[in-house]
Structures are given as C-alpha cells and as structure tokens.
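The block underneath contains the structure these notes are about, expressed in structure tokens.
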Amino acid sequence: MTITELGAPPLRADWADEVRRLARERDAVVLAHNYQLPEIQDVAHHTGDSLALSRIAAAAEESTIVFCGVHFMAETAKILAPEKTVLIPDAAAGCSLADSITADQLREWKTEHPEAVVVSYVNTTAEVKAETDVCCTSSNAVEVVESIPADREVLFLPDQFLGAHVRRVTGRDNVHVWAGECHVHAGINGAELTARAAEDPEAELFIHPECGCATSALYLAGTGAVEPDRVRILSTGGMLDAARATRAKSVLVATEVGMLHQLRLAAPEVEFRAVNERASCRYMKMITPEKLLRALREGRDEVTVDPATAARGRAAVERMIAIGRPGGGE
Ligand code: 13P
Ligand code: SF4
C-alpha cells in the first residue's frame with residue numbers, strides 16, 4: 001500500500017512509522033490543524049482547531065513543536081513557547097486573512113479610536129498581535145468581547161464575517177469591524193447554502209463564522225425557511241463536538257473541506273457534505289507528507305519571532321488561551 005499525493009511520487013507505506021520515529025528522535029510533538037491533508041491529520045500527535053492547538057503548544061513538554069498548519073499558527077506557538085524550536089514544514093504556507101491587515105494599518109486605526117480595546121483574531125501576524133490587547137479564535141470570540149466592559153469601544157479585526165457574528169451575538173454596536181476576509185470562506189456564499197439546504201430539508205447546517213454564508217444561514221432561520229435549531233455557527237473544534245452529539249442523518253458543512261475528515265471519523269454514521277467542495281485552502285495544503293518528513297529530518301523550516309515583538313504579543317495571546325477554557329473564562 002502506498003500513500004500518494006497529487007503530482008508527487010508515491011510515499012512508502014512506512015511513512016507514518018518514519019514520521020513518528022523521527023519525531024521521537026528529535027523530541028518533537030507534531031500538531032495538525034483540522035484543515036490539513038487527511039494523512040497529516042492521522043499521523044499527528046494532536047489534531048484540532050486554532051485554540052486547542054495553541055493550548056497544546058503552550059503546555060508541550062517536547063523541546064520541538066512541528067506545526068502542520070499555516071505560518072501565523074506556528075508563530076503563535078513560538079510566541080507562547082519562545083524557548084522551544086518551532087518548525088513548519090513549509091514557511092510559505094501563509095494566510096490571506098492574516099495578510100488583510102498590517103501593523104501600520106492597525107496603528108493608524110488605533111489613532112482614530114484611542115480608548116478602544118483591540119481584539120484580534122488569531123489569524124494575524126506577530127507584528128499585529130504586538131499591537132493587540134486580546135486575541136481570540138472562532139471558538140471564543142464572543143466570550144472575549146463579552147469580557148470587555150460594555151461601554152468600551154472595541155476594534156475587532158481582521159475578519160468581517162466573524163466580526164458581524166460577534167456584533168450579532170453580543171448585541172453591541174460599539175464593536176468596529178475591519179473589512180478583511182479569508183478568500184476560502186468568503187467563497188462559500190449564501191446562494192449555494194440556500195440551494196443545498198433546499199435539496200436536503202432534514203440536514204443540519206454547520207457553519208464556520210468566517211463564511212460569507214453565515215449571515216444567510218441566520219437569515220434563512222429567521223424567515224422560517226430552515227428551522228433555527230438546524231443552523232449551528234461553530235468553530236472547527238465546535239463542529240466536532242456537535243458531530244458527536246447530532247441525531248441528524250446528514251449535515252451540510254460550510255468551511256474548508258479538510259474538516260470533513262475529522263467529522264467523518266467522529267461520527268461515521270452521519271453523512272457530511274461540503275456546501276462548497278471547492279473550498280480548499282491552498283496554504284493549508286502546502287504541508288505535504290514529504291515536507292513533514294523533510295521538516296523532521298532536516299529541522300526546517302524554523303519559525304522565529306523577534307523577541308521584543310513576541311514579548312509584546314504574548315499577553316494578548318495568553319488572554320485568548322485563558323478565555324473560553326472550562327473554568328477559565330471571565
Ligand atoms: P478554527 O479556529 O475554527 O480552527 O479556524 C481557523 C481557521 O479558520 C484557520 O483557517
Ligand atoms: Fe487563512 Fe482562510 Fe486558509 Fe484559514 S482557510 S488559513 S483563514 S486563508
């Protein structure tokens with residue numbers, strides 16, 4: 001049996017054993033985001049959403065973290081664990097959402113709202129985190145904003161769809177939202193969701209709050225076209241919890257298609273279908289089995305963050321880690 005990837009030679013059947021052996025030799029823990037290729041998810045020591053992986057990175061006992069995800073995630077691990085070596089199998093694995101705001105743009109926005117609390121989604125560069133008061137992920141964005149006194153203005157960045165979700169759930173109109181977006185999630189639109197939901201009236205809808213269709217899903221629920229309790233706005237980790245608990249026979253999934261692998265493992269009896277099968281993140285898919293092996297053999301690509309920048313961003317990331325943890329919220 002061989003493991004293959006598009007355009008690459010077949011990998012040896014003992015690839016996974018070799019990854020685990022090299023990881024032991026290097027004293028490394030391998031982390032994989034839920035959007036990684038299935039074989040990477042399967043070989044990793046831990047697979048999860050952004051928040052779960054940040055927590056694991058912060059608590060890891062190994063001296064090296066191999067982050068199978070995109071660059072800002074590996075940078076976040078380095079900010080939390082500066083004494084550890086952090087490797088990413090391909091340093092070019094970026095993120096269109098993280099690229100949608102620079103530190104200069106944020107500094108300028110702050111001068112327009114000098115009293116505001118800056119809340120940044122974890123999909124941001126280390127330089128942006130250094131200008132941030134508190135970071136959040138999709139699974140704790142609402143709790144993070146709710147932890148800020150109601151009369152304080154908030155600058156929420158960079159994702160406009162997650163920002164709209166936070167404004168809606170908290171009912172706060174003093175949350176200003178940056179107009180950034182992820183090209184993958186913005187491509188999952190309301191028209192496609194409406195068509196898929198009409199084709200399968202019994203299906204539940206799992207929607208990532210970064211999606212362009214999140215507003216449509218809530219609108220559909222509001223008009224009665226879809227029962228409100230069929231629509232769930234969830235982080236990737238939240239989708240897994242919901243998959244284990246659902247009694248639905250089929251679920252429509254609005255997020256990056258890598259998510260389907262963990263969902264099918266979590267609830268094999270449920271049929272999970274993508275709202276948009278083309279919603280694949282080319283950055284996430286830059287992490288291939290061969291590059292993971294190379295990372296472990298050659299110790300590359302190492303992720304570094306300027307110590308002063310890391311020190312300025314650390315408090316914001318640590319607040320994110322604390323909020324939304326069972327028993328650790330505010
Ligand atoms: P989660 O925080 O739900 O894992 O989503 C992260 C994300 O969108 C990475 O692209
Ligand atoms: Fe960034 Fe979007 Fe890819 Fe996530 S799916 S890593 S937000 S480009």
Side-chain angles (χ1 to χ4, degrees), residues 31-37 40-41 44 46-57 67-77 88-101 119-125 128-129 135-144 157-163 165-166 178-189 206-214 232-243 253-263 266 274-287 317 320-321 323-325:
L31 309 183
H33 187 264
N34 288 324
Y35 297 161
Q36 288 288 292
L37 290 168
I40 305 275
Q41 296 188 29
H46 303 277
T47 300
D49 66 10
S50 311
L51 185 58
L53 294 179
S54 298
R55 286 178 177 153
I56 292 167
F67 214 117
C68 299
V70 292
H71 195 262
F72 76 80
M73 295 181 176
E75 259 186 358
T76 306
I88 184 168
D90 188 339
C95 169
S96 59
L97 182 54
D99 286 345
S100 65
I101 187 164
V119 178
S120 293
Y121 192 33
V122 71
N123 297 40
T124 42
T125 61
V128 167
K129 288 186 175 78
C135 288
C136 70
T137 71
S138 57
S139 60
N140 70 358
V142 169
E143 285 104 315
V144 165
L157 62 116
D159 189 70
Q160 57 182 301
F161 299 110
L162 184 61
H165 172 68
V166 166
W178 190 257
E181 64 181 24
C182 149
H183 70 292
V184 179
H185 284 90
I188 305 174
N189 61 49
F206 288 4
I207 319 267
H208 195 283
E210 280 179 29
C211 285
C213 67
R232 314 284 307 275
I233 309 284
L234 299 162
S235 67
T236 60
M239 286 186 190
L240 281 170
D241 294 338
V253 182
T255 193
E256 210 272 354
V257 290
M259 189 64 221
L260 294 168
H261 181 61
Q262 286 299 319
L263 289 171
V275 171
N276 178 346
E277 282 161 9
R278 300 174 310 284
S280 174
C281 174
R282 68 187 167 88
Y283 302 112
M284 285 281 178
K285 272 45 180 190
M286 288 168 85
I287 310 302
V317 178
M320 167 188 90
I321 300 258
I323 297 177
R325 185 207 297 264

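Counting starts at 1 for both ligands and their atoms, following the listed order.
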I'd like to check Met73 versus Ile88 (side-chain heavy atoms, cut-off strictly below 4.5 Å). Are they in contact?
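Sidechains of Ile88 and Met73: no contact.
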Student check: side-chain heavy atoms of Cys213 and Ile207 closer than 4.5 Å:
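Result yes, sub-4.5 Å side-chain heavy-atom pair found.
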When the ring planes of Tyr35 and His185 are compared, do they come out parallel, tilted or perpendicular, using 30° and 60° as the limits?
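If you compare the ring of Tyr35 with that of His185, the planes turn out tilted.
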Within ligand 2, which atoms have a heavy atom of Glu210 less than 4.0 Å away?
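That gives atoms 7 (S) of ligand 2.
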Under 4.0 Å from any heavy atom of Asn123, which atoms of ligand 2 are there?
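Ligand 2 atoms under the 4.0 Å threshold to Asn123: 7 (S).
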Give the minimum heavy-atom separation between [X] and [Y], together with the two atoms involved.
| X | Y | value |
| --- | --- | --- |
| Ile101 | Leu157 | CG2-CD1, 3.7 Å |
| Leu53 | Gly48 | CD1-O, 3.6 Å |
| Cys135 | Val317 | SG-CG2, 4.1 Å |

Using a distance threshold of 2.8 Å, what protein N/O/S atoms lie below it relative to atom 3 (Fe) of ligand 2?
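Listed by chain and number: Cys281 SG.
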Side chain to side chain donor-acceptor pair (under 3.5 Å) with Glu256: which of Gln36, His208, Lys285?
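Among Gln36, His208, Lys285, the one that satisfies the side chain to side chain donor-acceptor pair (under 3.5 Å) with Glu256 is Lys285.
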Test side chain to side chain contact (heavy atoms under 4.5 Å, CB included) on Asp49 and Thr137; report intermediate values, then the result.
CA-CA 9 Å; Asp49 66 10; Thr137 71; 5.7 Å; no
Under a 3.5 Å threshold, I'd like every N/O contact between ligand 1 and protein atoms, with atom names and distance.
residue, atom, partner, partner atom, Å
ligand 1, 2 (O), Ser50, OG, 2.9
ligand 1, 2 (O), Ser138, OG, 3.2
ligand 1, 3 (O), Ser138, OG, 2.8
ligand 1, 3 (O), His208, NE2, 2.9
ligand 1, 3 (O), Thr236, N, 2.9
ligand 1, 3 (O), Thr236, OG1, 3.3
ligand 1, 4 (O), His33, NE2, 2.7
ligand 1, 4 (O), Ser50, N, 3.1
ligand 1, 4 (O), Ser50, OG, 3.4
ligand 1, 4 (O), Thr236, OG1, 2.8
ligand 1, 5 (O), His208, NE2, 3.2
ligand 1, 8 (O), Glu210, OE2, 2.9

